[in-house]
Protein chains: 2
Amino acid sequence: MNISAASKAAGLPIKTVRYYADIGLVRAPSRSDAGYRTYDDAAVRKLVFIRRSREFGFTIEECRELLGLYQDKDRTSAEVKRIASKRLEEIEKKQRELQSLHDELAHLVKTCRGDHRPDCPIIDYLG
Amino acid sequence: MNISAASKAAGLPIKTVRYYADIGLVRAPSRSDAGYRTYDDAAVRKLVFIRRSREFGFTIEECRELLGLYQDKDRTSAEVKRIASKRLEEIEKKQRELQSLHDELAHLVKTCRGDHRPDCPIIDYLG
DNA sequence: CTTGACCTTTCAGTTACTGGAAAGAATAGA
DNA sequence: TCTATTCTTTCCAGTAACTGAAAGGTCAAG
């Protein structure tokens with residue numbers, strides 16, 4: 001499987017697949033005589049694993065850890081859970097931040113008349 | 001006012017104040033003989049304005065626009081409201097994304113036993 | 001006069017890619 | 001077989017919004 005087939009199968013842009021190889025996250029298992037990266041199903045599975053992990057917002061380094069655990073038959077689920085819980089807390093923190101931002105900004109937007117005149121509670125609040 | 005006093009008054013790191021000057025967002029109104037940036041109250045007010053805008057998540061370019069409107073006595077509140085509404089929609093979009101991420105991940109974390117054994121619904125889901 | 005705090009510029013690094021250029025390799029069609 | 005197109009390679013640069021560090025000039029206190 002050349003890189004374009006692998007990238008399609010994994011649901012990732014070619015550039016990204018190459019990037020993941022560069023940083024040693026998921027290397028192509030082999031190269032053709034001409035130097036083309038050649039992927040097999042196992043490599044594609046790893047790419048899919050990374051894509052899903054990234055979709056959850058795990059950083060590349062966390063993905064590296066998770067991929068290590070994915071391939072480690074002696075892993076403990078406690079280790080996986082620790083990483084996932086950390087991410088979950090970050091999500092919850094972000095949610096709280098967004099919520100208060102939302103409430104404040106929504107209030108300002110609601111009270112701004114949005115007409116041709118210059119007076120504006122949004123600007124007043126920021127200034 | 002030298003840069004450190006201005007940065008304290010504005011609640012921004014010195015590096016950031018210098019950065020904002022570099023990109024032409026808020027330049028120091030003058031320089032001392034030795035070339036030190038010198039800030040006055042009006043400049044500090046602009047820095048505070050930018051800080052608050054950034055806290056709402058407006059991009060630097062949006063901050064530039066907002067600062068322009070802040071200083072424009074002929075602005076219309078409609079223009080301000082348009083920018084703020086756009087940001088509000090982005091926040092709401094992000095909130096929806098985070099909510100579904102949260103629900104999925106929370107479910108996985110809850111069902112993971114987190115013990116010494118390798119079987120793990122989180123890893124299963126990602127793989 | 002020296003010490004230490006403060007200021008300057010410039011360069012590099014951060015995250016996770018993405019775009020583009022130049023050039024070699026493979027393939028399909030005439 | 002020749003050619004046109006597509007695929008691949010590597011390398012370099014850019015993104016957003018800073019942040020850290022290096023190397024050196026300035027200023028106030030003791």
Side-chain angles (χ1 to χ4, degrees), chain A residues 1-40 43 46-67 86-87 90-91 94 97 101, chain B residues 1-40 43 46-67 86-87 90-91 94 97 101:
Chain A
M1 219 187 314
N2 280 350
I3 197 167
S4 68
S7 89
K8 266 183 201 104
L12 287 170
I14 292 181
K15 276 280 190 182
T16 301
V17 174
R18 219 175 265 130
Y19 173 70
Y20 288 166
D22 283 351
I23 63 173
L25 187 56
V26 181
R27 290 234 172 72
S30 62
R31 296 274 186 142
S32 75
D33 290 351
Y36 286 17
R37 288 176 184 79
T38 304
Y39 290 84
D40 57 14
K46 289 185 210 170
L47 288 171
V48 169
F49 182 92
I50 298 297
R51 175 173 57 76
R52 297 227 180 100
S53 302
R54 290 287 300 131
E55 284 166 1
F56 271 114
F58 291 106
T59 66
I60 290 287
E61 288 316 307
E62 286 165 343
C63 289
R64 206 187 289 274
E65 263 191 279
L66 288 170
L67 185 60
K86 177 165 157 282
R87 176 69 193 129
E90 289 166 5
I91 289 173
K94 192 80 194 170
E97 290 168 3
L101 275 194
Chain B
M1 220 186 316
N2 280 349
I3 197 167
S4 67
S7 88
K8 267 183 201 105
L12 287 170
I14 292 181
K15 275 282 191 183
T16 301
V17 174
R18 220 175 263 131
Y19 173 70
Y20 288 166
D22 283 352
I23 64 173
L25 187 55
V26 181
R27 292 234 171 73
S30 62
R31 296 274 186 142
S32 75
D33 290 351
Y36 288 16
R37 287 175 185 81
T38 304
Y39 289 85
D40 57 14
K46 289 185 211 170
L47 288 170
V48 169
F49 183 92
I50 298 296
R51 175 173 58 74
R52 299 226 180 100
S53 303
R54 290 287 300 131
E55 285 166 0
F56 271 114
F58 291 105
T59 66
I60 290 286
E61 287 316 307
E62 285 164 345
C63 288
R64 206 186 288 274
E65 263 192 278
L66 287 170
L67 185 60
K86 177 166 157 281
R87 177 68 193 128
E90 288 165 6
I91 289 174
K94 193 78 194 173
E97 290 167 5
L101 276 194

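Quick caveat: nothing in here was measured; it's all calculated off a predicted structure. Each chain gets a letter, A, B and so on, in the order the sequences are listed, and its residues count up from 1.
Less than 4.0 Å separates DNA chain C from at least one heavy atom of each of the following residues of residues 31-39 of chain B: B:R31, B:G35, B:Y36, B:R37. Listed by residue number, B:P13, B:K15, B:T16 are the residues of residues 2-18 of chain B with a heavy-atom contact under 4.0 Å to DNA chain D. Proximity of residues 49-64 of chain A to DNA chain D (heavy atom under 4.0 angstrom from any strand atom) is not detected for any residue.
A salt bridge links A:E90 with A:K86: at least one charged nitrogen is closer than 4.0 Å to a carboxylate oxygen. No salt bridge links B:R52 with B:E55; every basic N to acidic carboxylate O contact stays at or beyond 4.0 Å.
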Under 3.5 Å, which donor-acceptor pairs link side chains of residues 2-24 of chain A to any protein atom two or more places apart or in another chain?
| unit_1 | atom_1 | unit_2 | atom_2 | d |
| --- | --- | --- | --- | --- |
| A:S7 | OG | A:S4 | O | 3.1 |
| A:S7 | OG | A:L12 | O | 3.4 |

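For B:E97, there are no side-chain hydrogen bond (donor to acceptor under 3.5 Å, both in side chains) partners two or more places apart in sequence or in a different chain. Residues satisfying the ring pair (Phe, Tyr, Trp, His ring centres under 6.0 Å) test with B:F58, not counting sequence neighbours, are none.
With rounding to whole Å, A:Y19 atom OH is found 10 Å from C:dT14 atom P. The distance from atom CG of B:D22 to atom P of C:dT9 is 7 Å, rounded to the nearest whole Å.
Minimum interatomic distance between A:E62 and A:G57 (heavy atoms only, all atoms of both residues): OE1-O, 4.5 Å. Annotation for A:S53 and A:L66: closest pair OG-CD1, 4.2 Å, computed over non-hydrogen atoms. Across all their heavy atoms, A:P29 and A:Y39 have their closest contact at CD-CA, 3.8 Å. Nearest heavy-atom pair across A:L67 and A:L25 is CD2-O, 3.5 Å.
Contact annotation: the side chain of B:I50 never approaches that of B:R64 to less than 4.5 Å [non-hydrogen atoms, C-beta and beyond].
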